[in-house]
Amino acid sequence: MNTKSLVLMSLLVGVGAALYLVIPGFGNGMKPDFMLTMMFIGILLFPKASHVFLLALTTGVLSGLFSTFPAGFIPNVIDKFITAFVFYAIVVVLKHYSSKLPVATVLAGAGTLLSGVIFLSVAIFVIGVEVPFLPLVLTVVLPAVVINAIALFVIFPIVTQLVKRSKFETALSN
């Protein structure tokens, strides 16, 4: 793991955190998790287990610290770790296709759905927060899936162009 990779991953997480803090939530309590989107971009650029671990750790802790959900720290950390490594496994399996924008967009949507379901499951079953699961999936998670997929669709080409111009060593340069 070199310094350039760490710097780019830090920038992605920082941008995701800034977007998370700046973008207001909607009336139903839904707030898109742009740190999740940036984590997906980081995994697409650096598909190595050590990088995925760092991305999952930083996005999980920051998401947990900024969470407005009751007792949201632990569910955020657990959800980011599971989601990151499932996403990483899919990227490894689809290594020749995952950097293509349509595939990356679908993967981001699926990853966001997985993340939301894991988050709610951990919050309900482990922490004991009493919230209705299915209504929250329908009213909070599904809109977040759409927003995160659109965000990745817009942001990923910008990041890939910047990475190519700056001659970073990523999965896109292979």
Side-chain angles (χ1 to χ4, degrees), residues 1-23 25 30-95 98-99 104-105 107-129 140-141 144-145 147-149 151-152 155-156 159-160 162-163 166 168-174:
M1 190 176 321
N2 62 31
T3 306
K4 283 176 114 178
S5 301
L6 288 172
V7 167
L8 184 56
M9 288 187 294
S10 298
L11 284 171
L12 290 171
V13 172
V15 167
L19 287 172
Y20 185 83
L21 290 172
V22 171
I23 304 294
M30 194 274 291
K31 187 171 187 172
D33 190 354
F34 288 110
M35 280 192 281
L36 189 63
T37 306
M38 294 303 176
M39 180 180 79
F40 293 151
I41 292 173
I43 294 170
L44 289 167
L45 294 175
F46 304 104
K48 289 184 180 176
S50 59
H51 295 127
V52 173
F53 178 82
L54 282 176
L55 286 166
L57 179 67
T58 55
T59 56
V61 168
L62 288 174
S63 292
L65 290 173
F66 299 145
S67 179
T68 56
F69 194 85
F73 184 81
I74 292 171
N76 264 300
V77 173
I78 292 170
D79 131 56
K80 294 299 184 289
F81 266 97
I82 295 170
T83 302
F85 281 98
V86 168
F87 190 85
Y88 167 63
I90 294 169
V91 166
V92 168
V93 168
L94 301 174
K95 65 182 169 185
S98 61
S99 63
T105 303
L107 289 177
T112 304
L113 179 63
L114 175 67
S115 174
V117 168
I118 292 169
F119 177 84
L120 290 174
S121 298
V122 170
I124 291 169
F125 298 117
V126 175
I127 307 282
V129 176
V140 176
V141 176
V145 166
I147 291 170
N148 280 1
L152 187 121
I155 297 169
F156 189 59
V159 171
T160 56
L162 291 172
V163 165
S166 62
F168 269 95
E169 302 255 345
T170 67
L172 302 176
S173 54
N174 294 336

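In what follows, residues are counted from 1 in the order of the sequence shown. Source: prediction; values computed, not measured. Side chains included, hydrogens not; waters and symmetry mates left out as well; all remaining heavy atoms used.
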S.K.: State which residue, out of I82, N76, V77, fulfils the side-chain contact (heavy atoms from CB on, under 4.5 Å) condition with D79.
M.R.: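 With D79 as partner, side-chain contact (heavy atoms from CB on, under 4.5 Å) holds for just one option, N76.
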S.K.: Do the side chains of M38 and V159 get nearer than 4.5 Å, heavy atoms only?
M.R.: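 V159 vs M38: side chains apart.
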S.K.: Is there a donor-acceptor pair under 3.5 Å between the side chain of T112 and the backbone N or O of A108?
M.R.: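 Confirmed, T112 side chain pairs with A108 backbone.
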S.K.: Looking at every non-hydrogen atom in both residues, tell me the closest pair between I118 and T83 and how far apart they are.
M.R.: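 That closest heavy-atom pairing would be CD1-OG1, 3.9 Å.
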S.K.: Going by the angle between their ring planes, with limits at 30° and 60°, are Y20 and F66 parallel, tilted or perpendicular?
M.R.: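 Aromatic pair Y20/F66 classed parallel.
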S.K.: Provide the closest heavy-atom pair for H51 versus S5 in the form atom of the first, atom of the second, distance.
M.R.: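 Closest heavy-atom pair between H51 and S5: NE2-CB, 4.1 Å.
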S.K.: Where is the tightest heavy-atom contact between L44 and S98, given as atom of each residue plus distance?
M.R.: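 Answer, listing the atom of L44 first, then S98: CD2-O, 3.5 Å.
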S.K.: Measure the spacing between CG of L45 and CZ of F40 and express it to the nearest 0.5 Å.
M.R.: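 Interatomic distance, L45 CG to F40 CZ, rounded to 0.5 Å: 13.5 Å.
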S.K.: What's the shortest heavy-atom distance between V52 and I43, and which atoms?
M.R.: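 Result for this residue pair: CG2-CG1, 4.0 Å.
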S.K.: Which heavy atom of S63 sits nearest a heavy atom of K80, and at what distance?
M.R.: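 Looking at all heavy atoms of both residues, the shortest contact is OG-CE, 3.5 Å.
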S.K.: What is the distance from atom CG of L114 to atom CZ of F119, rounded to the nearest 0.5 Å?
M.R.: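 Output value for this atom pair is 13.5 Å.
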S.K.: Would you give the length of the straight line joining atom OG1 of T37 to atom CG of N148, rounded to the nearest 0.5 angstrom?
M.R.: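 Nearest 0.5 Å value for the OG1-CG distance: 3.5 Å.
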S.K.: Return the orientation label for the F81 and F85 ring planes: parallel under 30°, perpendicular over 60°, tilted otherwise.
M.R.: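 Rings of F81 and F85: parallel, as their planes differ by under 30°.
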S.K.: Distance check, rounded to the nearest 0.5 Å: I147 atom CD1 versus L152 atom CG?
M.R.: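 One gets 14.0 Å once the value is rounded to the nearest 0.5 Å.
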S.K.: Quick check: closest heavy atoms across L62 and A17, and the distance to 0.1 Å?
M.R.: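 Taking every non-hydrogen atom into account, CD1-CB, 4.4 Å.
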S.K.: Counting only heavy atoms not in L113 (residues, nucleotides, ligands), do more than 12 fall under 6.0 Å from its CG?
M.R.: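 Yes, the 6.0 Å shell around CG holds more than 12 heavy atoms from other groups.
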S.K.: Atom CG in L54, atom OG in S10: separation rounded to 0.5 Å?
M.R.: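 The OG atom of S10 is 8.5 Å from CG of L54, to the nearest 0.5 Å.
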S.K.: Taking atom NZ of K4 as the centre, does the number of heavy atoms from other residues, nucleotides or ligands within less than 6.0 Å exceed 12?
M.R.: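 Yes, the 6.0 Å shell around NZ holds more than 12 heavy atoms from other groups.
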S.K.: L12 and side-chain contact (heavy atoms from CB on, under 4.5 Å): which single residue from I41, L55, T58 fits?
M.R.: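 Checked I41, L55, T58 against L12; only one passes side-chain contact (heavy atoms from CB on, under 4.5 Å): I41.
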